[in-house]
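Input: a single structure, listed below in structure tokens.
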There are 2 protein chains.
Amino acid sequence: MTNMMSKPKVTIHDIAERLNITASTVSRALNDNPRISDVTKKAVLKAAKQLNYQPNNIAAALRNGKSHIIGVIVPTADRTFFSSVVRGIEEIANKLNYKVIICQSYDDYEKEVQTIDALLSARVDGIIASIGKNTENFKHYKRAQEKGVPLVLFDRTTEALDASQIVIDDYFGAYKVVEHLIQQGCTRIAHFTSPKKVSVFKERFRGYTDALRDNNIPFDEQLVVSSNLQLEDGRKSMEQLLQLKDIPDAVFSASDYGAMGAMQILKERKIKIPEEIALAGFSNDPFTSFTDPPLTSVDQLSITMGKVTAQIFFEHLNSAGSNNFSQKIVLKPEIIFRESTLRKQEK
Amino acid sequence: MTNMMSKPKVTIHDIAERLNITASTVSRALNDNPRISDVTKKAVLKAAKQLNYQPNNIAAALRNGKSHIIGVIVPTADRTFFSSVVRGIEEIANKLNYKVIICQSYDDYEKEVQTIDALLSARVDGIIASIGKNTENFKHYKRAQEKGVPLVLFDRTTEALDASQIVIDDYFGAYKVVEHLIQQGCTRIAHFTSPKKVSVFKERFRGYTDALRDNNIPFDEQLVVSSNLQLEDGRKSMEQLLQLKDIPDAVFSASDYGAMGAMQILKERKIKIPEEIALAGFSNDPFTSFTDPPLTSVDQLSITMGKVTAQIFFEHLNSAGSNNFSQKIVLKPEIIFRESTLRKQEK
DNA sequence: AGTGCTAGCGTAATCGGTTGCGCATTAGGG
DNA sequence: CCCTAATGCGCAACCGATTACGCTAGCACT
């Protein structure tokens, strides 16, 4: 119950006054400048502690133009994949004494533009972003780059920007899943995809078609259903497939939620998984291991992606000015085989 | 590629120079000060656009001591509950033109202390936190309060601090779940709890025992299993219960993961859920709706909690100085009834 | 003694806005 | 026509830390 409204506002000047030196000496002492004697340094540290001094990063940031804050933009933070990537980024950033501002675009273009603006005004030292689904114009990102703010993209990236990007090999993941389904004896494999222009879905689709082709399985347009890939979409898409004369014997969904929707329909119709229809998703969301049967999926190595992204980002940050070319890093995803696709007895 | 290293650094002085006015006028014009004529305001806005001016919040923050940034500390951002709360907070904060710095303590006391320090140095306008599991000393939070930085706690709170807190009624949630189990005909109801000193588990335990007592069901110590409540713990706890002479006919786990572990064991043993043993969890993690059978759980209204927390926080922020008492807000959780406990036919 | 170094610290400008105060100019009122 | 009151904007201090530059004292060396 002491008076909480006390705001001491202790500055380096207060420390200086108390020690009969100047603020510049205090500043140097606090920054461990070699030109300051150890005696003085210790006195400063001691006085700082006594006065309960709290450095003001804002003043420092204004002076040297570095805020030591980096902005991270994700479509949404409450999806496991993104929050795990953020976790990876934070881990690296914190080690380097940087703080992270997390912003969500909610896949809304306007919000994304505003966010970039807010980050630039906040004078972040750089931006790490995963582009919103509906974003097709990248001027706001370019504006940031023109102002000298490093930009690194992950997962949802674009070739329209000259920025380093870290993605997983969606093509590879999809190809391997479909190949696996074929090995399990499936021959009519459906695919849930998204009409969005986001490259990840195009890549997964390409992996799907290539795996079919390489295994001499004809591509059937009827087996490809396009939607927003949420749970409800998965349900509808599955129902649509079940109305075909010749129903599929496997479904590879480009999202776990889509696969989950399909699973619900199949179970309601008492269709056996994987015996009658095998099911695979993409992302390895935590829930996939808890479904019945557990869902085969593609793990995106989210934490690793976060760490790698942060590393690349700081490389750019530290080599600002020197010839620093954009690079594209592709991580190989890992297929998690679970019962929803295991027709043959293992071992 | 054009030269990316150009950093124009346009300031209000540049705008002022171009219009033959002073920086103060530009500043006022940009802030829509009534003492500036519309003609001048429009000219300033136009020039600002032409010069591609980007306001520097750091300078403004230094001058008026408000950074318009609030710090949020959570144990971990990749758990659905916390990331949803953060989402709620962000929604409100962004509307009020505040940005949010998210920090994770990883339930590590040292990290928590450092984080508070970093946030104070970053001169955040306030802090919203959920306390780490291992934190038993709250000096760091008190330090923040003493410096006049508003503090609001949610979910993992403490009475040791004079701060507003937003929690859910764990007692109520647990009581209602157990009551529901009894209504479904269960008479030997087991409980998974945690030995941690976190109050939420104690409250859930209290709700459990009270519901039993109020329904004249004897409390049996053997039916209470204490663990860390993760998936593996749930499995072990369930196995332990199944070795009793008189096995339970229901399990109420204080966490969803614990319940999921139990479900796995029951399914492996071909024990029917809910007919032989009913199962309920706590938190309503997204996966609970995808299990088979879907798991009854207690929804913690995470997004609501985030919004309410933010509202309370901003109330404190805006009434800084005036007599502003700490309040404790208790949200009623919502029981989500699913098939894992529904023995009787509904309708 | 004179010269050159270096260690150790001070001076003052600077980062980019913000704002209390003050000064003109014009409008309005008597 | 004089006086008061707005209106519109400039002046300059200020927020707190950083840093280029410079000054002084002390020591070594010739």
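Chain naming here is simple, since letters A, B, ... match the order of the sequence lines and numbering starts at 1 in each.
Taking five base pairs at each end of the helix from dA1(C)-dT30(D) to dG30(C)-dC1(D), the local helix axes there meet at an angle of 50°, rounded to 10°.
With sequence neighbours excluded, the residues satisfying salt bridge (Lys or Arg N to Asp or Glu O under 4.0 Å) with D32(B) are K41(B). Applying the side chain to side chain contact (heavy atoms under 4.5 Å, CB included) criterion to A118(B), with sequence neighbours excluded, gives K99(A). Take S37(A) and apply the side chain to side chain contact (heavy atoms under 4.5 Å, CB included) test, not counting sequence neighbours, and it matches V39(A), T40(A). In terms of the side chain to side chain contact (heavy atoms under 4.5 Å, CB included) criterion, residue partners of N31(B) (sequence neighbours excluded) are, by chain and number, S27(B). Under the rule for a ring-ring contact (aromatic ring centres under 6.0 Å, His included), the partners of H140(A) that lie at least two apart in sequence or sit in another chain are Y109(A). Partners of R87(A) by salt bridge (Lys or Arg N to Asp or Glu O under 4.0 Å), not counting sequence neighbours, listed by chain and number: D78(B). For the ring-ring contact (aromatic ring centres under 6.0 Å, His included) test, no residue two or more places apart in sequence or in another chain qualifies with F81(A). With sequence neighbours left out, R143(B) forms a salt bridge (Lys or Arg N to Asp or Glu O under 4.0 Å) with D117(B). Among residues two or more places apart in sequence or in another chain, the salt bridge (Lys or Arg N to Asp or Glu O under 4.0 Å) test is passed with K307(B) by E91(B).
How far NZ of K66(B) is from OH of Y98(B): 7.0 Å, rounded to the nearest 0.5 Å.
Between the CG atom of N57(A) and the C1' atom of dC15(C) there is a distance of 15 Å, rounded to whole Å. We find that CD1 of I58(A) is positioned 15 Å from P of dG16(C), with the value rounded to whole Å. Taking atom CG of N56(B) as the reference point, atom P of dT14(C) lies 17 Å away to the nearest angstrom. Taking atom CG of L62(A) as the reference point, atom P of dA13(C) lies 17 Å away to the nearest angstrom. Going from atom CG of L30(B) over to atom P of dG17(C) covers 9 Å, rounded to whole Å. If you measure from atom CG of N64(B) to atom P of dT18(C), you get 7 Å, rounded to the nearest angstrom.
A donor atom on one side chain and an acceptor atom on the other are not found under 3.5 Å apart for N57(B) and S121(A).
Note that the first and last nucleotides of DNA chain D, 5' to 3', having any atom under 4.0 angstrom from a heavy atom of chain A are dG16(D) to dA20(D).
For N31(B), a side-chain nitrogen or oxygen approaches OP1 or OP2 of dT18(C) to under 4.0 Å.
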Is there any protein nitrogen or oxygen under 3.5 Å from a nitrogen or oxygen in nucleotides 4-9 of chain C, and what are the pairs?
residue : atom : partner : partner atom : Å
dG8(C)  : N7   : R35(A)  : NH2          : 2.9
dG8(C)  : O6   : R35(A)  : NH2          : 3.1
dC9(C)  : OP1  : T40(A)  : OG1          : 2.6
dC9(C)  : OP2  : S37(A)  : N            : 3.1
dC9(C)  : OP2  : S37(A)  : OG           : 3.4
dC9(C)  : OP2  : T40(A)  : OG1          : 3.3
dC9(C)  : N4   : R35(A)  : NE           : 3.4

